[in-house]
Amino acid sequence: MRQRKLGGQGLLVSAEGLGCMGMSTAYGPADEREAVATVHRALDLGITFLDTADMYGPWANESLVGRAVAGRRDEVVLATKFGNEVDDGRLTGRVNGRPGYLRQALDGSLRRLGVDHVDLYYQHRVDPDVPVEETFGALADLVAAGKVRHLGISEAAPATIRRAHAVHPLTAVQTEYSLFTRDVEENGVLDAVRELGIGFVAYSPLGRGFLTGTIRSVDDLADDDRRRVTPRFQGGNFARNLAVVDRIRVLAEAKGVTSSQLALAWVLAQGHDVVAIPGTKRRAYLEANAAAVEITLTPDDLAAVDAVAPRGVASGDRYPAAQMHALHR
């Protein structure tokens, strides 16, 4: 597995990481044994960058990841997040960036992960009621204390990224980025991180599984799968998005790869400062995704992809309306 550098503080990670959320929540039934085996297989393949958050479960995913990496801590770059408030194991629906809360959140994350420090700690969502300078001042103290090695922020606006970076250098900005979600190309986020020398971590690079081509109907999703309430997976939006996926599949087949691999290779081709963290809870999908790192897309390939999946091609929002307001603050 190839390595890429995130930010200017020397953090090296695998060019493709592993998003662990779906191992515990959101995407249907969980299978802890297979999930742990998937993490172990990732490490064997050189995929060392693992992404979790305290809200996944809540708490359950950090505990699972902690069990999976026990005895292999020195092989792992652990990233977790705080900010979507968890109280007594339940999500409150609030965003909390207060210093007292984040210190408490980190201590809980360290305990569940079974480690003495986190390699990359993100503010998951920006609290509109707490100045980002106050939040990142407290995070800088945690770096000084050795509990956190590097700082990041997720789904933040360019101005917020600049303000946070001025308090303590950011190593990474994490935002959704895929052939279905290219907002960061137009809203100034990519420009800002490149100007400031911050790495970019693309989550949901497979469009929450849509770009795999394996979801042909909403009935393919479990009854408790969160995607059922996501606008892109509903009604006419689903049909229009599926038509785009089918056009991508034609290009992938001509290239001799899968739709997933083409979509991942496209994200990785957007710059050496970009790292993708596709999520999966199964070893077979993990291995197929890992192979995308070796795919080279020519200028003609990229132009062909852009022709069938230009900016704004996806129909429907990427989150339900109640969650969209928390993005890019």
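Bear in mind the structure is a predicted one, so any value in this text is a computation, not a measurement.
- Legend: residues meeting side-chain contact (heavy atoms from CB on, under 4.5 Å) with Asp141, ordered by chain and number and at least two apart, are Arg103.
- Listed by chain and residue number, nothing satisfies the ring pair (Phe, Tyr, Trp, His ring centres under 6.0 Å) test with Tyr122 (two or more places apart in sequence, or in another chain).
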With a cut-off of 3.5 Å and sequence neighbours excluded, list every side-chain donor-acceptor pair involving residues 13-20.
residue: Ser14; atom: OG; partner: Glu16; partner atom: O; Å: 2.8
residue: Ser14; atom: OG; partner: Thr48; partner atom: N; Å: 3.1
residue: Ser14; atom: OG; partner: Phe49; partner atom: N; Å: 3.4
residue: Glu16; atom: OE2; partner: Ala290; partner atom: N; Å: 3.3

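- For the side-chain contact (heavy atoms from CB on, under 4.5 Å) test, residues two or more places apart in sequence or in another chain that qualify with Leu91 are Met55, Pro58, Asn84, Val86.
- Counting only residues at least two apart or in different chains, side chain to side chain donor-acceptor pair (under 3.5 Å) contacts with residues 59-68 comprise Ser24-Asn61, Glu32-Arg67, Thr52-Asn61, Glu62-Thr80, Glu62-Ser109, Glu62-Arg112.
- For Phe200, the ring pair (Phe, Tyr, Trp, His ring centres under 6.0 Å) criterion is met by Tyr177, not counting sequence neighbours.
- Legend: residues meeting ring pair (Phe, Tyr, Trp, His ring centres under 6.0 Å) with Phe180, ordered by chain and number and at least two apart, are Phe210.
- Between Tyr203 atom OH and Met21 atom CE the span is 9.0 Å, to the nearest 0.5 Å.
- Legend: residues meeting side-chain contact (heavy atoms from CB on, under 4.5 Å) with Gln9, ordered by chain and number and at least two apart, are His150, Pro169, Thr171.
- For the side chain to side chain donor-acceptor pair (under 3.5 Å) condition, the pairs that include at least one residue of residues 157-168, sequence neighbours left out, are Glu133-Arg163, Arg162-Glu195.
- Within the structure, side chain to side chain donor-acceptor pair (under 3.5 Å) contacts touching residues 265-279 (residues at least two apart or in different chains) are Arg194-Asp273.
- Applying the side-chain contact (heavy atoms from CB on, under 4.5 Å) criterion to Glu294, with sequence neighbours excluded, gives Arg2.
- Paired with Glu34 under the rule salt bridge (charged side-chain N to carboxylate O under 4.0 Å, His left out), one option of Lys281, Arg283, Arg41 passes, and it is Arg283.
- For Tyr27, there are no ring pair (Phe, Tyr, Trp, His ring centres under 6.0 Å) partners at least two apart in sequence or on another chain.
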Going through the distances and angles, do Thr298 and Asp301 end up as a side chain to side chain donor-acceptor pair (under 3.5 Å)? CA-CA 5 Å; Thr298 67; Asp301 291 331; 3.2 Å; yes
